[in-house]
There are 2 protein chains.
Amino acid sequence: MSKLARVYNRSRVPLYLQVASVMRQRIEVGHWRSGQRISTLEELEREFEVARVTVRQAVELLAEEGLLYCQQGRGTFVADEAPKRRWLNLATDWASLIEPIKDHIPKIIAVQNPPAGPVLGTGEGKAAHDYVYLRSVQFRDAEPFSIVSLHLARDLFDRAPAEFRKHPALPVLASFERPRIKRAHQTLVIGGADPETADHLKMGVGAPTAECRCIVVDEHDRAIYVGNITYRSDCIKLHMELFRRPSLRGSVREDAGRRPRARTA
Amino acid sequence: MSKLARVYNRSRVPLYLQVASVMRQRIEVGHWRSGQRISTLEELEREFEVARVTVRQAVELLAEEGLLYCQQGRGTFVADEAPKRRWLNLATDWASLIEPIKDHIPKIIAVQNPPAGPVLGTGEGKAAHDYVYLRSVQFRDAEPFSIVSLHLARDLFDRAPAEFRKHPALPVLASFERPRIKRAHQTLVIGGADPETADHLKMGVGAPTAECRCIVVDEHDRAIYVGNITYRSDCIKLHMELFRRPSLRGSVREDAGRRPRARTA
DNA sequence: CTCAATTTGTTCGTATGTATG
DNA sequence: ACATACATACGAACAAATTGA
């Protein structure tokens, strides 16, 4: 068995879908540019070591997605209007988390059996007395990009229920003078969509998602916001400012204030 | 067509694989606990709205993966030894980026046609005069978890070539007194594995990856480190400290030093 | 011990999808 | 486009193991 065949066999996904994934990726990262003619079917056959029909199935799929088009006698081309991916910048600090989402309009999902309260791990604070459970789908340009499942301390929700239903919760929360927020943190892992998620986010079952757990704790160590957010993984981009020296000239921004120097070689 | 069938049809991945994905996820997030008996085949048939054989194929797959085992007449159970996922904490700040990786041992990959130099976008600094191109696979416990493709300013590489070949580059870089680092940043998106990546990381072609672009710029705005890092997406976890109030009592750590308050309701 | 209920395991026939040359 | 082989998916029926009454 050839080396490539062994790699294909690591997955039970049909071969033409694996080939299509690779080609799709090449278009999306710009390795194959808009309007450009891509390799001939024969070249692709040889490169991917699959039968001609298999390449064609992959090409057909991408053509259906609007990424490629074929012209008999001329070749296969990347679509001219670059269906550019539009990124949603996921924040790694509070200010840039609040800002871009505050104008999003969530669509509330009805919940039949709301959980009693959030399950809190160690270091996630103490539970509030009571929570409301809110579930919503977030949209941008009529395209759903995430599902938020949120436990919100009831006393805070009761202060502005209408606001909390119309807007994302974090900006509303940030607008309150009290209680003061002591800490907000978030962890992210990659998961796969279950049928309900896939339905809401218009994606395939098992397709990758980014699962965020975001927790806000007040000055009394009360977990006032405990949210699980599931994003389509194909529209998010994380930017991390790892280090920025307090600059001598130029813009001064958030800074760790620490020199990045660790040890001697 | 039922609602579920429509959701399944969003993907051309075989049905039993979609079902298996959902079940695998349930085990991994602990919704189905170690040793617990899961629903009977008949219940699963009804829940997923698929034929018995299809459920069986999914169960068989997960049994092969060591996540489930079946006993005729008794039922199907989640494996007792929880094959816990071991997370690799991806850093969102410099100090915690350097620390955990400094003892990893990269395995250098030979490169036949090294690119001349990195492609730098706006805001990514000026190019250095010359670069070395290094490519390596990172391991933890003999398990590959990422591929690093790195452009490193040649003058820096020449100072400690042996070190740069034996250890991850960032800790070595951090150990230098000069040049001083002005800024380090990183962006992350989710992608899919191409055949070469899949081979190195022992994953399926098209399976999700986390693609990091990490850039380190020196005091003269020179991009001295331009790295593209591809992680298996199933072993990484990102922790983001969004906000931490400079605490009155208790531990004081890196802090934005800014109050998270944005506007009035 | 036997019986019935439960649950996984196996088989058949049919239709469609995938992959090769 | 064709012939071929194998995988996927359905529904249904039957066999085999386990459990508890």
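Chain A is the first sequence line, chain B the second, and so forth, proteins listed ahead of strands; every chain is numbered from 1.
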Practice problem: Enumerate the residue pairs fulfilling side chain to side chain donor-acceptor pair (under 3.5 Å) with a member in residues 201-212 of chain B, sequence neighbours excluded, ordered by first and then second residue. | Solution: B:Thr209-B:Glu211, B:Glu211-B:Thr230
Quiz prompt | Rounded distance in Å - CZ (B:Arg12) to P (C:dT16) | solution = 17 Å
Quiz item: Over how many whole Å does the gap from A:Leu4 atom CG to C:dA19 atom C1' extend?
Solution: 16 Å
Exercise. Could you tell me whether B:Val50 contacts a base, only the sugar-phosphate backbone, or nothing, with contacts defined as non-hydrogen atoms closer than 4.0 Å?
Key: sugar-phosphate
Quiz item: How many Å lie between CG on A:Leu15 and P on C:dG17, as a whole number?
Solution: 18 Å
Self-check item: By side-chain hydrogen bond (donor to acceptor under 3.5 Å, both in side chains) - contacts of B:Arg12 (at least two apart)
Solution: A:Glu64
Quiz prompt | Nucleotide C:dT6, atom P - distance to CZ of B:Arg46 in whole Å | solution = 12 Å
Quiz item: Stem ranges for DNA chain D, with three or more consecutive Watson-Crick or G-U pairs under 3.5 Å?
Solution: C:2-21 with D:2-21
Quiz item: Can you list every pair that meets ring pair (Phe, Tyr, Trp, His ring centres under 6.0 Å) and has a residue in residues 115-148 of chain A, with sequence neighbours left out?
Solution: A:His104-A:Phe145, A:Tyr133-A:His151
Quiz item: Is the distance from OP1 or OP2 of C:dT18 to the nearest side-chain N or O of A:Thr54 less than 4.0 Å?
Solution: no
Quiz item: How many Å lie between CD on A:Gln57 and P on C:dA19, as a whole number?
Solution: 6 Å
Quiz item: So, B:Arg213 and B:Thr187: side-chain donor and acceptor under 3.5 Å apart, yes or no?
Solution: no
Quiz item: Atom CD of A:Glu49 and atom C1' of C:dA19: how far apart are they, to the nearest Å?
Solution: 15 Å
Exercise. Please name the pair of heavy atoms, one in B:Met203 and one in B:Pro208, separated by the smallest distance, quoted to 0.1 Å.
Key: CE-O, 3.4 Å
Practice problem: Round to a whole Å and report the spacing from CZ of B:Arg52 to P of C:dC12. | Solution: 17 Å
Exercise. Apply side-chain hydrogen bond (donor to acceptor under 3.5 Å, both in side chains) to B:Arg10 and list each qualifying residue two or more places apart in sequence or on a separate chain.
Key: none
Self-check item: Stretch residues 60-76 of chain B: residues that reach within less than 4.0 Å of DNA chain C through a heavy atom
Solution: B:Cys70, B:Gln71, B:Gln72, B:Gly73, B:Arg74, B:Gly75, B:Thr76
Self-check item: Side chain of A:Tyr16 - closest among C:dT11, C:dT8, C:dA19
Solution: C:dA19
Quiz item: Regarding B:Ser136 and B:Gln138, is there a side-chain donor-to-acceptor distance under 3.5 Å anywhere?
Solution: yes
Exercise. Please collect all ring pair (Phe, Tyr, Trp, His ring centres under 6.0 Å) contacts where either partner lies in residues 44-78 of chain A, sequence neighbours excluded, each pair once.
Key: A:Tyr69-A:Phe77
Exercise. Using whole Å, report how far OH of A:Tyr8 lies from P of C:dA19.
Key: 11 Å
Exercise. Step through the shown structure and confirm whether more than 12 heavy atoms of other residues, nucleotides or ligands are within 6.0 Å of CZ on B:Arg165.
Key: no
Quiz item: Closest heavy-atom contact between A:Trp87 and A:Asp234?
Solution: CZ3-O, 3.7 Å
Self-check item: Residues that A:His31 engages under ring pair (Phe, Tyr, Trp, His ring centres under 6.0 Å), provided they are two or more places apart
Solution: none
Exercise. With sequence neighbours excluded, tell me which residues meet side-chain contact (heavy atoms from CB on, under 4.5 Å) with B:Leu15.
Key: B:Tyr8, B:Val50, B:Thr54
Exercise. Name the nucleic acid region contacted by B:Arg56, choosing base, sugar-phosphate or nothing; use a 4.0 angstrom heavy-atom cut-off, strictly under.
Key: base
Quiz item: Which nucleotide span of DNA chain D, 5' end to 3' end, has atoms closer than 4.0 Å to non-hydrogen atoms of chain B?
Solution: D:dT8 to D:dT19
Quiz prompt | Any pair counted as ring pair (Phe, Tyr, Trp, His ring centres under 6.0 Å), so long as it reaches residues 189-209 of chain B, sequence neighbours left out | solution = none
Practice problem: State, with a plain yes or no, whether a side-chain heavy atom of A:Val19 is found less than 4.5 Å away from one of A:Val59. | Solution: no
Could you list the protein-to-nucleotides 2-5 of chain C atom pairs, N/O on both sides, closer than 3.5 Å?
none

Exercise. Report yes if at least one side-chain N or O of B:Arg37 is closer than 4.0 Å to OP1 or OP2 of C:dT7; otherwise report no.
Key: yes
